[in-house]
Undergrad: 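Here it is: the structure, laid out below.
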Amino acid sequence: MNGVNKTLYIPLYGKAHVSEKGLFLDDKKAEEIWKAEGFALKGKSKSKWLAYYMGIRSAVFDDWLRQQMADTEEIAVIHIGCGMDSRVLRVGTQGKKWYDVDFPQVIEERKRYYAETTDYQMLAGDVREAGWLASVPKQKRAIVVMEGVSMYLSFEEVNDLTAKLCNHFEQVMLLMDCYSVFAAKMSKHKNPINDVGVTKVYGIDNPEQFQHGNFVYVKEHTMIPQRYIDELKGLEKFIFGKLYAGGCSKKLYRLFEYRKV
């Protein structure tokens with residue numbers, strides 16, 4: 001796999017680690033895949049603090065998605081940059097059409113562990129080229145999650161992707177995490193993705209930069225809710241709260257919701 005593809009093993013390890021510890025989310029599939037693949041992570045990418053962060057980030061995306069799916073009918077659920085993530089199992093399709101999208105090589109690996117159903121389909125393609133979108137029937141609404149993806153796309157590529165989603169669906173709800181400009185600059189020197197060969201990333205400071213037409217910024221979400229920090233105990237809780245939550249974290253990493261209205 002190339003460098004960007006290899007980054008999928010970092011959140012996979014994090015989710016497997018926290019699941020084994022009984023923290024934040026129950027992800028037996030991540031545990032299974034991690035044990036089977038045995039990909040060698042090194043340095044910061046195998047930090048327990050990063051694993052906690054990845055586990056909480058995934059739980060926050062899951063929570064948002066469950067809420068949107070419960071409130072919305074006649075929708076397509078699209079997970080862009082799915083990697084080996086088991087969100088479809090953790091959240092469940094709830095009778096809706098769910099599409100996991102990633103590079104062909106990633107989807108090839110993914111099909112070793114996941115099976116398609118009448119409600120679930122895996123689509124191979126580069127999200128910067130919307131050919132894969134032709135495989136998704138046009139529906140009234142789409143709920144889209146982009147976890148750990150936007151930082152690998154330029155400003156123009158993100159806008160092009162969201163414009164194509166808006167052209168395909170009458171309504172779009174999107175949640176994505178983003179690096180700040182400062183974090184993107186620092187990533188060249190201090191980022192776990194460097195350990196798998198990735199150095200080029202992008203960041204934004206103003207979420208309204210991604211607005212266009214009737215695709216608008218809705219609000220910022222808390223990346224590390226207190227309820228998840230409270231699952232940790234003692235010194236771990238204190239250190240994690242200081243390093244990965246609050247103002248310091250917000251200077252590096254943000255979570256934004258958008259909607260086509």
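What you see is a predicted model, and the numbers here were worked out from it, not measured in a lab. Sequential numbering from 1 along the given sequence is applied to the chain's residues.
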Undergrad: Looking only at the side chains, is there a donor atom on one of Asp63 and Tyr228 sitting less than 3.5 Å from an acceptor on the other?
TA: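 Short answer, yes.
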
Undergrad: Tell me if the aromatic rings of Tyr53 and Tyr253 count as close, with their centers under 6.0 Å from one another.
TA: yes

Undergrad: Could you tell me if Asp100 and Trp98 have a donor-acceptor pair between their side chains, going purely by distance under 3.5 Å?
TA: yes

Undergrad: Counting heavy atoms not belonging to Lys48, are there more than 12 under 6.0 Å from its NZ?
TA: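 Counting other residues, nucleotides and ligands, NZ of Lys48 exceeds 12 neighbours.
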
Undergrad: Checking side-chain contact (heavy atoms from CB on, under 4.5 Å) between Ile75 and each of Lys97, Arg141, Gln171, which is the one that passes?
TA: Arg141

Undergrad: With no hydrogens and no angle check, do the side chains of Gln211 and Tyr258 hold a donor and an acceptor under 3.5 Å apart?
TA: no

Undergrad: Treating Arg259 as the side-chain partner and Leu174 as the backbone partner, does any N or O pair qualify as donor plus acceptor under 3.5 Å?
TA: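 No, because the side chain of Arg259 does not come within donor-acceptor range (under 3.5 Å) of the backbone of Leu174.
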
Undergrad: Tell me every residue that passes ring-ring contact (aromatic ring centres under 6.0 Å, His included) with Tyr202, counting only those two or more places apart in sequence or in another chain.
TA: none

Undergrad: Decide whether Asn206 and Tyr217 meet the rule of one side-chain donor and one side-chain acceptor closer than 3.5 Å.
TA: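 The criterion, which ignores hydrogens and geometry beyond distance, is not satisfied for Tyr217 and Asn206.
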
Undergrad: Per the side-chain contact (heavy atoms from CB on, under 4.5 Å) rule, which among Asp102, Ile107, Ile80 passes with Trp132?
TA: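 Passing option: Ile80.
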
Undergrad: So does Ala183 get a backbone contact from the side chain of Ser180, meaning a donor-acceptor N/O pair under 3.5 Å?
TA: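 Present.
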
Undergrad: So for atom NZ, which belongs to Lys164, do other residues, nucleotides or ligands contribute more than 12 heavy atoms lying within a distance under 6.0 Å?
TA: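 It does: Lys164 NZ has more than 12 such atoms within range.
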
Undergrad: What is the minimum heavy-atom distance between Leu50 and Tyr244, and which atoms define it?
TA: N-OH, 3.7 Å

Undergrad: Would you say the side-chain atoms of Glu157 pair up with the backbone N or O of Ser154, donor to acceptor, closer than 3.5 Å?
TA: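 Looks like yes, one N/O pair under 3.5 Å.
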
Undergrad: Run the side chain to side chain contact (heavy atoms under 4.5 Å, CB included) test on Phe210 and Phe155 for me, step by step, so that the C-alpha distance in whole Å, both residues' side-chain angles and the decisive distance to 0.1 Å come before the verdict.
TA: CA-CA 8 Å; Phe210 286 140; Phe155 170 79; 3.5 Å; yes

Undergrad: Between the side chains of Asp177 and Arg57, is the shortest nitrogen-to-carboxylate-oxygen separation below 4.0 Å, so that they form an ion pair?
TA: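 So Arg57 pairs with Asp177 through a salt bridge.
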
Undergrad: How about Trp64 and Glu257: does a side-chain donor come under 3.5 Å of a side-chain acceptor?
TA: yes

Undergrad: Can you classify the ring geometry of His212 versus Phe215 as parallel (below 30°), tilted (30 to 60°) or perpendicular (above 60°)?
TA: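 Parallel.
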
Undergrad: So does Arg87 pair up with Asp62, basic N to acidic O under 4.0 Å?
TA: yes

Undergrad: Can we say Glu170 and Lys138 salt-bridge, meaning some charged N sits less than 4.0 Å from an Asp/Glu carboxylate O?
TA: no

Undergrad: Evaluate the criterion side chain to side chain contact (heavy atoms under 4.5 Å, CB included) for residue pair Val149 and Met176; output intermediate values, then yes/no.
TA: CA-CA 8 Å; Val149 174; Met176 68 176 176; over 6 Å; no

Undergrad: According to side chain to side chain contact (heavy atoms under 4.5 Å, CB included), who are the partners of Ala30, at least two apart in sequence or on a separate chain?
TA: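 For Ala30 the side chain to side chain contact (heavy atoms under 4.5 Å, CB included) partners, ignoring immediate neighbours, are Leu12, Lys15, Ala16, Asp27.
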
Undergrad: For a salt bridge (Lys or Arg N to Asp or Glu O under 4.0 Å) check, start with the C-alpha distance between Lys237 and Asp230, then their side-chain angles and the critical distance, and finish with the verdict.
TA: CA-CA 7 Å; Lys237 178 179 176 179; Asp230 289 342; 3.0 Å; yes

Undergrad: May I ask you to say whether Glu74 pairs ionically with Lys96, meaning some side-chain N is under 4.0 Å from a carboxylate O?
TA: no

Undergrad: On the six-membered ring of Tyr114, is Lys29 placed so that its NZ or CZ lies under 6.0 angstrom from the centre and within 45° of the ring axis?
TA: yes

Undergrad: Could you walk me through whether Asp205 and Arg254 satisfy the salt bridge (Lys or Arg N to Asp or Glu O under 4.0 Å) test, starting with their C-alpha distance in whole Å, then the side-chain angles of each, then the deciding distance to 0.1 Å, before giving a yes or no?
TA: CA-CA 9 Å; Asp205 290 332; Arg254 312 281 289 278; 5.4 Å; no

Undergrad: Is it the case that Ser135 and Gln121 place a side-chain donor and acceptor less than 3.5 Å from each other?
TA: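 No, Gln121 and Ser135 have no side-chain donor paired with an acceptor closer than 3.5 Å.
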
